[in-house]
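Structure first, commentary second.
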Amino acid sequence: MNSDHFRIETDLNYTESRDKIFRMIFIDSGSATFKIDFSTYDIDSPALVFISENQLLSIQKKSEELTGRTVCFSNDFFCIKLNRSETFCDAVIFNTTKPPYIPLQGLEMKKIDYLINAMNNELEEANDFHEEIIISQLKTLLLYSSKIKLKQFGEVDLSILSPVVTDFQNLLDKEYERQHNVQFYADELSISPKGLNKAIKKELGRTVSELIKEKLIVEAKRELYTKELSIKEIGYKLGFEDPAYFSRFFRKETSHSPKEYAELL
């Protein structure tokens, strides 16, 4: 199996890590400070931490002994959006508007430990069916994690989203760097802009325009944090042909220019 698509890591020394991998970090002993994107969390064991693809991650140990394992998987291995009706994981555990971790009780910790051990055993055996078996085990881990988080954060709505909202979310993930106009998304989904906004507002609580802006700002902040691209290059990457317009957009949404924000990091 390609380790770029699925692997289990034992080294928790993440420093400003960022890639197209989903991570479920199982902390079984010790405590640490997690910096995830632009928020900081002090997390004690036992706990399960959820990192979405492209999120910035760094971990600073708070105790001498910090141990655990990380289940890493790509969308090519298991697409959470295509499987949202089965696992709900993008609505619950990989939902960036909710706390990105869950503390675990004794029996919960044992169950998580058992599921990760089972996947690790399949990786070591590498038989003809191990990939299908691991996908099944991963689904179980995701469902069980969603169940725990729902118990702790009962306000999370698990109702299945309507097809138009689901299709919009998938389209936004693909096109937000190139398409900032509500009309584009409405045309692609064969619905009026008013109808699309009504559906999105009803089920997600925000307008189409607000979701597009949120997506652009989060990605811009991540790029500014890594300092791999110039401000002009970030603007171009996110579909702004005029660097000055990108700077005005960023300031309007954050109260800082891109340069000011980068200097605060």
Side-chain angles (χ1 to χ4, degrees), residues 12-25 32-43 49-60 70 72 74-75 80-81 89-101 153 156 168-182 184-185 200-201 204-265:
L12 301 182
N13 291 315
Y14 296 107
T15 305
E16 297 184 6
S17 171
R18 183 193 183 199
D19 51 30
K20 288 186 173 295
I21 291 291
F22 290 90
R23 287 183 166 87
M24 302 177 72
I25 305 175
T33 298
F34 282 69
K35 184 173 183 182
I36 303 171
D37 275 343
F38 318 104
S39 299
T40 301
Y41 307 89
D42 291 323
I43 300 176
V49 188
F50 311 102
I51 310 297
S52 297
E53 60 178 357
N54 291 321
Q55 281 195 300
L56 295 162
L57 169 66
S58 62
I59 300 177
Q60 183 177 0
T70 304
C72 309
S74 70
N75 255 327
I80 63 172
K81 291 182 173 59
C89 53
D90 60 336
V92 182
I93 56 178
F94 290 111
N95 181 342
T96 55
T97 66
K98 302 295 178 184
Y101 69 96
F153 301 95
V156 178
F168 167 74
Q169 289 179 316
N170 293 337
L171 187 61
L172 180 63
D173 286 341
K174 288 169 51 180
E175 300 289 350
Y176 75 94
E177 291 182 349
R178 296 177 291 275
Q179 301 291 343
H180 306 165
N181 195 297
V182 175
F184 166 81
Y185 294 94
I200 298 299
K201 182 74 172 178
L204 301 182
R206 283 162 289 176
T207 66
V208 174
S209 181
E210 287 170 341
L211 291 172
I212 295 170
K213 290 176 182 177
E214 286 176 15
K215 197 88 170 171
L216 291 168
I217 289 298
V218 167
E219 186 59 26
K221 286 181 175 180
R222 288 171 177 167
E223 293 291 353
L224 289 166
Y225 184 88
T226 61
K227 297 181 172 61
E228 294 176 357
L229 300 177
S230 68
I231 292 172
K232 183 177 181 180
E233 289 171 331
I234 294 171
Y236 284 147
K237 179 183 177 182
L238 296 177
F240 295 88
E241 295 184 4
D242 182 356
Y245 179 67
F246 169 63
S247 292
R248 290 196 299 273
F249 166 78
F250 191 90
R251 179 184 287 278
K252 182 180 179 182
E253 298 301 319
T254 68
S255 300
H256 296 285
S257 71
K259 182 179 179 181
E260 290 169 346
Y261 184 84
E263 290 172 350
L264 292 173
L265 298 174

Mind checking whether Ile231 and Phe250 have side chains closer than 4.5 Å, heavy atoms only?
no
Partners passing side-chain hydrogen bond (donor to acceptor under 3.5 Å, both in side chains) against Lys237 (at least two apart in sequence or in another chain)
Glu223
Of the non-hydrogen atoms in Lys227 and Ala262, which two are nearest, and what is the gap between them?
NZ-O, 4.0 Å
Inter-residue atom distance Leu224.CG - Ser230.OG, 0.5 Å rounding
10.0 Å
Can you name the nearest heavy-atom pair linking Phe50 to Met24, along with the distance?
CE2-CE, 3.7 Å
On a heavy-atom basis, which atom in Ile212 and which in His180 lie closest, and how many Å separate them?
CD1-O, 3.7 Å
Does Lys213 have any side-chain hydrogen bond (donor to acceptor under 3.5 Å, both in side chains) partners at least two apart in sequence or in another chain, and if so, which?
none
Report the relative orientation of the aromatic rings in Phe168 and Tyr185; use parallel for angles under 30°, tilted for 30 to 60°, perpendicular for over 60°.
perpendicular
Can you find a pair of side-chain heavy atoms, one from Lys35 and one from Leu56, that are under 4.5 Å apart?
no
4.5 Å side-chain heavy-atom contact, Arg251 and Glu260
yes
Do you know which two heavy atoms are closest between Ala220 and Ile234, and how far apart they sit?
CA-CG2, 4.2 Å
Euclidean distance, Thr70 OG1 relative to Leu57 CG, rounded to 0.5 Å
8.5 Å
Heavy-atom distance under 4.5 Å between the side chains of Phe22 and Ser52, does that happen here?
yes
Drop me the distance from Thr226's OG1 to Lys221's NZ, to the nearest 0.5 angstrom.
14.5 Å
Nearest 0.5 Å, please: how far is CG in Leu211 from CZ in Arg206?
5.0 Å
Those residues that, when tested against Tyr176, pass ring-ring contact (aromatic ring centres under 6.0 Å, His included) (two or more places apart)
none
In sequence, state the C-alpha distance, the side-chain angles, and the governing distance for Ile51 and Tyr14, and then conclude on side-chain contact (heavy atoms from CB on, under 4.5 Å).
CA-CA 12 Å; Ile51 310 297; Tyr14 296 107; over 6 Å; no
Mind checking salt bridge (charged side-chain N to carboxylate O under 4.0 Å, His left out) for Arg248 and listing every partner two or more places apart, or none if nothing turns up?
none
Nearest atoms (heavy-atom pairs only) where Asn75 meets Glu53
ND2-OE2, 3.3 Å
Please find out if less than 6.0 Å separates the ring center of Phe34 from that of Tyr101.
no
How long is the gap from CG on Leu172 to CD on Glu177, to the nearest 0.5 Å?
10.5 Å
Looking at Glu233, I want to see if its CD is surrounded by more than 12 non-hydrogen atoms of other residues, nucleotides or ligands under 6.0 Å.
yes
Any side-chain heavy-atom pair from Ile36 and Val49 closer than 4.5 angstrom?
yes
Which distance, rounded to the nearest 0.5 Å, do you find between the CD of Gln169 and the NZ of Lys215?
9.0 Å
Using 30° and 60° as the class boundaries, would you call the ring planes of Tyr261 and His256 parallel, tilted or perpendicular?
tilted
Do other residues, nucleotides or ligands put more than 12 heavy atoms under 6.0 Å from the NZ atom of Lys201?
yes
With sequence neighbours excluded, tell me which residues meet ring-ring contact (aromatic ring centres under 6.0 Å, His included) with Tyr236.
none
Least distance between heavy atoms, Pro243 atom then Lys232 atom:
CG-CG, 3.8 Å
Using side-chain hydrogen bond (donor to acceptor under 3.5 Å, both in side chains) as the criterion, list what pairs up with Ser209, not counting sequence neighbours.
none
